Amino acid sequence: MKLHLTTAENNNLITGYGESYIEINKQRYAQNLIVMPQTIVVDWHAKNVSALNNDHFQELIKLKPEVVLLGTGKTHVFLHPKNHQILTEHGISLECMTTAAACRTYNILMSEGRLVAAALIL
């Protein structure tokens, strides 16, 4: 699916996504990653949503977002609170949704000037 937004004001914009890729500023990535308005982390070591734990969220804590949108793949999955407790301890909210929904929501929040991180699992 292609996404369109009038302006990204020099921020990272998710311009498309599919089952095997995320496209940011028209560049395709074929791995799980983290995207923020000014940062892309392509070496996020999350393999799949069922294996996520506090260690996987350390990179996000360093980036200091207000909210993390966790794209859980094709299926919406909720994480047990103990698996992301470290985010809560640092005052960072976590919202779980499908990766497609996380891509769309990221673009909206980013365009509103929010400090949002999308942690995306393909």
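Given the structure is predicted, the values throughout are model-derived calculations rather than measurements.
- Taking each heavy atom of Val68 and Ile92 in turn, the nearest pair found is CG2-CG2, 3.7 Å.
- To the nearest 0.5 Å, atom CD1 of residue Ile121 and atom NZ of residue Lys47 are 11.5 Å apart.
- Pairing each heavy atom of Leu63 with each of Met36, the nearest pair is CB-SD, 3.4 Å.
- Counting all heavy atoms, side chain and backbone alike, Ala119 lies closest to Leu60 at CB-CD1, 4.3 Å.
- For His76 and Phe78, the ring centers are positioned less than 6.0 Å apart.
- Between the Asn107 side chain and the Ile14 main chain, a donor and an acceptor come within less than 3.5 Å of each other.
- Checked by atom type and distance alone, the side chain of Ser93 never pairs as donor or acceptor with a backbone atom of Val67 at under 3.5 Å.
- Here CD of Glu59 is found 5.5 Å from CD1 of Ile34. Values are rounded to the nearest 0.5 Å.
- Distance check: Leu52 CG to Thr72 OG1 gives 9.5 Å after rounding to the nearest 0.5 Å.
- Looking only at side-chain heavy atoms (C-beta outward), Thr99 and Tyr17 stay at 4.5 Å or farther from each other.
- Looking at Thr15, its side chain does come within 3.5 Å of a backbone N or O of Lys26 through a donor-acceptor pair.
- Between Ala102 and Gly71 the shortest heavy-atom distance is CB-CA, 3.8 Å.
- A donor-acceptor contact closer than 3.5 angstrom is absent between the side chains of Asn54 and Asn83.
- Counting only distance, with no hydrogens or angles, the side chain of Tyr21 and the backbone of Gln27 share no donor-acceptor pair below 3.5 Å.
- For the pair Thr105 and Met97, the minimum side-chain heavy-atom distance is below 4.5 Å.
- Shown here is Glu112, whose CD atom has more than 12 heavy atoms of other residues, nucleotides or ligands within 6.0 Å.
- One finds the CG atom of Leu69 at 9.0 Å from the CZ atom of Arg114 (value rounded to the nearest 0.5 Å).
- Pairing each heavy atom of Gln38 with each of Asn12, the nearest pair is C-ND2, 3.6 Å.
- Hydrophobic clustering, with ILVMFWY side chains joined whenever heavy atoms are under 4.5 angstrom apart, keeps Leu115 apart from Ile40.
- Side-chain atoms of His90 never come within 3.5 Å of backbone atoms of Leu87 as a donor-acceptor pair (strictly under, hydrogens ignored).
- Taken from CG in Asp55 to CD1 in Ile86, the straight-line distance is 7.5 Å, to the nearest 0.5 Å.
- No continuous path of hydrophobic side-chain contacts links Tyr106 to Leu70 [ILVMFWY only; heavy atoms under 4.5 Å].
- Formation of a donor-acceptor pair under 3.5 Å by the Asn32 side chain with backbone atoms of Leu122 is found in this model.
- For the pair Val35 and Tyr29, the minimum side-chain heavy-atom distance is 4.5 Å or more.
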*Taking it one step at a time, do Val42 and Gln31 satisfy side chain to side chain contact (heavy atoms under 4.5 Å, CB included)?*
CA-CA 7 Å; Val42 294; Gln31 72 265 21; 3.2 Å; yes
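- Using a 4.5 Å heavy-atom threshold, the side chains of Leu79 and Phe57 count as touching.
- When atom types are taken as modelled, the side chain of Thr98 and the backbone of Lys74 share no donor-acceptor pair closer than 3.5 angstrom.
- Val41 and Leu109 fall into different hydrophobic clusters, where Ile, Leu, Val, Met, Phe, Trp and Tyr are joined by side-chain heavy atoms under 4.5 Å apart, directly or via other members.
- Rounded to the nearest 0.5 Å, atoms NE2 (His45) and NE2 (His56) are 9.0 Å apart.
- Not a single donor-acceptor pair under 3.5 Å links the side chain of His84 to the backbone N or O of Lys82.
- Here the shortest heavy-atom pairing between Leu120 and Trp44 reads N-CZ3, 4.0 Å.
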